[in-house]
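For reference, the structure is listed below as structure tokens.
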Amino acid sequence: ETLDNLAHDLRTPLTRLRGTAELALQGAGDPAEARAALADCVDESDRVLHLLEALLDISAAEAGALKLNRDPIDLRKLIERAADLYREVAEERRIAITLDQTEPVELNVDAIRLGQAINNLLDNALKYTPEGGRVTLAIRAETRTAVITVTDNGPGVPAHEREAIFRRLYRGDASRSQRGLGLGLSMVKAIVEAHGGTASIDDAPAGGAQFTLRLPR
């Protein structure tokens with residue numbers, strides 16, 4: 001199934017790449033048009049490379065071979081960075097990003113990798129939260145785990161899709177109209193599990209979806 005999905009996801013950018021190159025070759029030799037065609041080819045090449053690199057990272061994580069550069073960090077910094085990164089996108093859609101972080105939660109983690117996972121969850125939440133909605137990033141410390149939640153008030157995820165959405169290249173019914181590789185959530189799961197933790201999804205208390213990352217302390 002993964003190979004079928006991969007073939008499908010690669011076909012589109014490679015077809016665009018070839019078509020753009022053919023049009024450039026058939027052109028009248030306008031340098032501006034040639035440069036534009038080359039820029040399009042670079043974009044599509046980057047898309048294919050990003051897909052393959054993400055798949056390699058996920059495979060390495062699932063095999064226990066993903067290299068983690070762990071350092072102590074207050075997890076609040078990671079959600080603050082994510083909120084800052086997506087603040088402009090959220091403001092354009094009139095979506096409020098709120099932080100719920102009452103106390104320091106220090107953990108030995110790979111800040112770049114775990115930050116990538118949090119960014120993916122926030123990006124996902126903003127895609128499906130309606131205009132005027134709200135996304136909340138929260139952190140709390142439990143006895144043996146640190147818990148990060150990303151909660152939105154969008155349409156939520158049907159119960160029958162909740163396990164499948166973490167699979168590589170899976171695209172749920174609600175996501176088929178969204179541009180993407182279908183790798184964001186599988187990357188989240190792979191990164192969290194590489195840290196010895198778990199990733200899950202439930203209904204948010206007030207409606208919508210709530211993604212929960214649990215990391216051992």
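These numbers come from the heavy atoms of this one structure, side chains and all, not from hydrogens, waters or symmetry mates.
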Using the rule that two of Ile, Leu, Val, Met, Phe, Trp, Tyr join whenever any of their side-chain heavy atoms come within less than 4.5 Å, decide whether Ile112 and Val192 are in one cluster. no
Report yes or no: do Thr212 and Ser200 form a side-chain donor-acceptor pair below 3.5 Å? no
Over all heavy atoms of both residues, which pair between Gly115 and Leu78 is shortest? Give the atoms and the distance, please. N-CD1, 4.3 Å
Hey, is the main chain of Gln210 close enough, under 3.5 Å, to the side chain of Asp202 for a donor-acceptor pair? no
Would a single hydrophobic cluster contain both Leu85 and Val109, if residues Ile, Leu, Val, Met, Phe, Trp and Tyr are joined by side-chain heavy-atom contacts under 4.5 Å? yes
Carboxylate-amine/guanidinium contact Arg140 Glu142, below 4.0 Å: yes
Might you work through the side-chain contact (heavy atoms from CB on, under 4.5 Å) test for Asn124 and Phe211, ending with a clear yes or no? CA-CA 10 Å; Asn124 188 74; Phe211 286 87; 3.8 Å; yes
To the nearest 0.5 Å, what is the distance between OG1 on Thr20 and CD on Glu22? 9.5 Å
Within this structure, what is the CZ-CG distance for the pair Arg93 and Leu126, rounded to the nearest 0.5 Å? 7.0 Å
Answer yes if Ile73 and Ile139 sit in the same cluster of Ile, Leu, Val, Met, Phe, Trp and Tyr residues linked by side chain heavy atoms under 4.5 Å apart, and no otherwise. yes
Ion pair present between Arg87 and Glu91, side-chain N to carboxylate O less than 4.0 angstrom? no
Using 0.5 Å steps for rounding, measure from the CG atom of Leu213 to the OG1 atom of Thr145. 11.5 Å
Take Leu185 and Asn120 through the side-chain contact (heavy atoms from CB on, under 4.5 Å) test and state the conclusion after the steps. CA-CA 7 Å; Leu185 295 179; Asn120 282 349; 6.0 Å; no
Could you go through Val135 and Tyr86, starting from their C-alpha distance and side-chain angles, then the distance that decides it, and tell me whether this counts as side-chain contact (heavy atoms from CB on, under 4.5 Å)? CA-CA 11 Å; Val135 175; Tyr86 284 92; over 6 Å; no
Under the salt bridge (charged side-chain N to carboxylate O under 4.0 Å, His left out) test, residues paired with Arg81 that sit two or more places apart: none
Grab the two heavy atoms, one from Pro216 and one from Gly196, that are nearest each other, plus how far apart they are. CD-O, 3.5 Å
Kindly compute the distance separating SG (Cys41) from CG (Asp46), expressed to the nearest 0.5 Å. 11.0 Å
Could you state whether Leu17 and Leu49 fall into the same hydrophobic cluster, counting links through intermediate Ile, Leu, Val, Met, Phe, Trp or Tyr residues with side-chain heavy atoms under 4.5 angstrom apart? no
To check you understand the geometry: which heavy-atom pair defines the closest contact between Pro130 and Gly154, and what is its length? CD-CA, 3.7 Å
Salt bridge (charged side-chain N to carboxylate O under 4.0 Å, His left out) involving Arg94 - partner list, sequence neighbours excluded: Glu131
Between Asp152 (side chain) and Gly208 (backbone), is there a donor-acceptor pair under 3.5 Å? no
Looking at every non-hydrogen atom in both residues, tell me the closest pair between Arg217 and Leu107 and how far apart they are. CA-CD1, 3.6 Å
Can you measure from CD1 (Ile201) to OG1 (Thr149) and round to the nearest 0.5 angstrom? 12.5 Å
Any link between Leu38 and Val42 through a network of hydrophobic side chains (Ile, Leu, Val, Met, Phe, Trp, Tyr) touching at under 4.5 Å? no
State, to 0.1 Å, how close Ala82 and Asn119 come at their nearest heavy-atom pair, and which atoms those are. CB-OD1, 3.2 Å
Rounded to the nearest 0.5 angstrom, the CG-OG1 distance for Leu215 and Thr198 is 8.0 Å
Taking all atoms of both residues into account, what is the closest heavy-atom pair of Arg134 and Asn153, and its distance? N-OD1, 3.2 Å
Among pairs that include at least one residue of residues 101-115, which meet side-chain hydrogen bond (donor to acceptor under 3.5 Å, both in side chains), considering only residues two or more places apart or in two chains? Asp57-Arg113, Glu80-Gln101
What do you reckon, is CZ of Arg18 surrounded by more than 12 foreign heavy atoms closer than 6.0 Å? no
Full working for side-chain contact (heavy atoms from CB on, under 4.5 Å) between Leu75 and Ile118: CA-CA 10 Å; Leu75 295 183; Ile118 295 170; over 6 Å; no
